[in-house]
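Below: one structure, written as structure tokens.
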Amino acid sequence: MSLEDDLGDWRRSHYSSELQGMDGREVTLMGYVSSIRDHGNILFVMLADKDGEVQLVFKRSEGSEPSAEPGAGSSSPSPSHLFSRARMLREHSSIAVKGIARSMKNAPRGVEVIPREMRILSLASSAPPFSVYSRSLPLDPRLDIRAVDLRRHYLRAVFRVRHNLLKAIRAYLDERGFLEVSTPKMISTASEGGAALFPIFYFDREAFLAQSPQLYKEQLTLAFEKVYEIAPIFRAEPSRTNRHLAEAISVDVEQAFVDYEDVMRTLEGMIAHVIGYVKERCREEFSMLGVDPAIPELPLPRYRYSQLIDMLKGEGLRIEWGDDFGTEHLKALGSALKGYYFIVDWPASMRPFYTKVKDGEGRDALSESFDLMYGDLEVSSGSTRINRKDELMARLKRQGLKPESFAYHLTVFDYGMPPHAGFGLGLERFLMTITGVENIRDATFYPRDIDRLVP
Ligand code: AMO
């Protein structure tokens, strides 16, 4: 006879979060076994559901298990039978219990449940190499069974914060009249010069996975003025760092009739709003994570690129105007500049072709562009865009790109492309800054990197 039962007609009556004030009432709970403490004649089983945990107390001498409907699995009226079945449980098994709620000061949320009947819905056949209560563990064994890893309380807190973060971002942008859009992820040409593309077969042609929605979000300002997209971006990043993924989620924002100063204000306002929102909504999660994110004071500090080059040179680091910040430079910036800050006015030669040139010419030209940093971590970048066709064509050529490949995009500029500006914010990196997660792989459900394509 199988040890396992069917769900049958049982349905949950309460989540673990809904048991306060239920003293003496019968409840039906469902979830998985997060821990077991065996004291001989008494067994404490922690049942975890999506909201938290509740303690089940099985006593050899207590409880009953009236007969179940046919096909619903094994059960017996005897208390000792219920107790002996409870002893078969292993951590992670999925179960359902009907029982009586009882106030208990020392139990989580002050309530425990004395089961009367139990259905073992899925008995775990192997024990994972980690406990759901552990915080930091080696990554690879966890990622191999990521769905189970995500049962860890630490990660569940991270992803509940992520959920609220997304809600707050959408609310902030919706309130300001931005339209949520979706753009193709299979594309014919690159939009971000520096980042490598993933080639794919597109019927009989070569195509690529989108590095960003850049050109489409710009085009959509023509009709909608204010747009945003929250979607994956694909970067063939050969690097193994704690901040790069091959597939990340980007919050892309684009607006007509504004410049980079305006969108920096939108971005910093969004950062402050979102942190305020999640702080309020995710108190339990932050206490589990052991962090208390601060709402940044606005406006955020703004440093010119050239100012930071001088600062780094002053510290004796080797870097020249026109170089990108390498690991050691970022480290130095991170120890000097805490929290969120902007780096503005990057050399035009360092930014993608669609970036508007601010002033200067040739190698010395500056662009109307910014990066939002958090210490040494780049969280977002953005700019005013070029909205004139001839200028865009000239910049494409200057960066060694073929205007013909962008014909589909350039043609839109014949129809009154408004001045526009925008930014892309890396969702996982933003989540790292709020939760204190140190490896970006733990800020996404199923990380993709150079070494990992499964699960
Ligand atoms: P950029 O290439 O700087 O700009 O990307 C914007 C933001 O996306 C995040 N990001 C990444 N996160 C994890 N892994 C990666 N490999 C990765 N690459 C980028 C970062 C980064 O700041 N089109 C422009 C944005 C714009 O100007 O609107 C763009 O893609 O947080």
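Throughout, residue positions are numbered sequentially from 1 according to the sequence presented. Both ligands and their constituent atoms are indexed starting at 1 by order of listing.
Atoms of ligand 1 found under 4.0 Å from any heavy atom of Phe423, numbered from 1 in the order shown, are 26 (C), 28 (O). Listed by number with element, the atoms of ligand 1 under 4.0 angstrom from any heavy atom of Ala248 are 12 (N), 13 (C). For ligand 1, the atoms closer than 4.0 angstrom to any heavy atom of Gly424 are 6 (C), 7 (C), 25 (C), 26 (C), 28 (O). Set against the non-hydrogen atoms of His244, the atoms of ligand 1 under 4.0 Å away are 14 (N), 16 (N). Listed by atom number, the atoms of ligand 1 under 4.0 Å from Glu237 heavy atoms are 16 (N).
At under 3.5 Å, not a single nitrogen or oxygen of Glu254, backbone or side chain, sits near a nitrogen or oxygen of ligand 1. Residue Ser381 places at least one N or O, backbone or side chain, under 3.5 Å from an N or O of ligand 1. Checked by distance only, ligand 1 and Leu245 come closer than 3.5 Å through their nitrogen or oxygen atoms. Residue Glu378 has at least one nitrogen or oxygen atom sitting less than 3.5 Å from a nitrogen or oxygen atom of ligand 1, judged on distance alone. Inclusion of Gly426 in the set of residues having an N or O under 3.5 Å from an N or O of ligand 1 is warranted. Looking at Leu425 next to ligand 1, no N or O pair under 3.5 Å apart turns up. Considering backbone and side-chain atoms together, Ile440 places no N or O closer than 3.5 Å to any N or O of ligand 1.
Here the CG-CD distance, from Asp51 to Glu18, works out to 6.5 Å after rounding to the nearest 0.5 Å.
Side-chain N/O atoms of Ser188 and Tyr408 include no donor and acceptor closer than 3.5 Å. Side-chain contact of Asp174 with Tyr228: a donor-acceptor pair under 3.5 Å is present, judged by distance alone.
Between the side chain of Arg142 and the backbone N or O of Pro129, no donor-acceptor pair lies under 3.5 Å. At distances below 3.5 Å, not a single donor-acceptor pair connects side-chain atoms of Tyr172 with backbone N or O atoms of Leu267. Tyr32 contributes a side-chain N or O that, together with a main-chain N or O of Arg151, makes up a donor-acceptor pair within less than 3.5 Å.
One option in Lys217, Arg385, Gln211 has a heavy atom closer to atom 27 (O) of ligand 1 than any other, and that option is Arg385. Comparing Leu372, Val379, Asp252 by heavy-atom distance to atom 31 (O) of ligand 1, the nearest is Val379. The option from Arg243, Arg235, Gln214 that lies nearest to atom 30 (O) of ligand 1, judged by heavy atoms, is Arg235.
Contacts with ligand 1 closer than 4.0 Å are made by side-chain heavy atoms of Tyr354 only, the backbone lying farther away.
Heavy atoms of Gly382 approach ligand 1 to within less than 4.0 angstrom. In this structure, Phe430 has no heavy atom closer than 4.0 Å to ligand 1.
Taking the side chain as every heavy atom from C-beta outward, Leu155 and Asp149 approach each other to under 4.5 Å. In this structure, Val45 and Val97 have side chains that are not in contact, with every pair of non-hydrogen atoms separated by 4.5 Å or more.
Shown are Phe370, Phe325, Phe342; of these, the ring-ring contact (aromatic ring centres under 6.0 Å, His included) with Tyr305 is made only by Phe325.
Taking the ring centre of Phe44 as origin, the terminal cationic atom of Arg37 falls inside the region bounded by 6.0 Å and 45° from the ring axis.
Nearest approach of Arg12 to Met30, heavy atoms of both residues: NH2-O, 2.9 Å.
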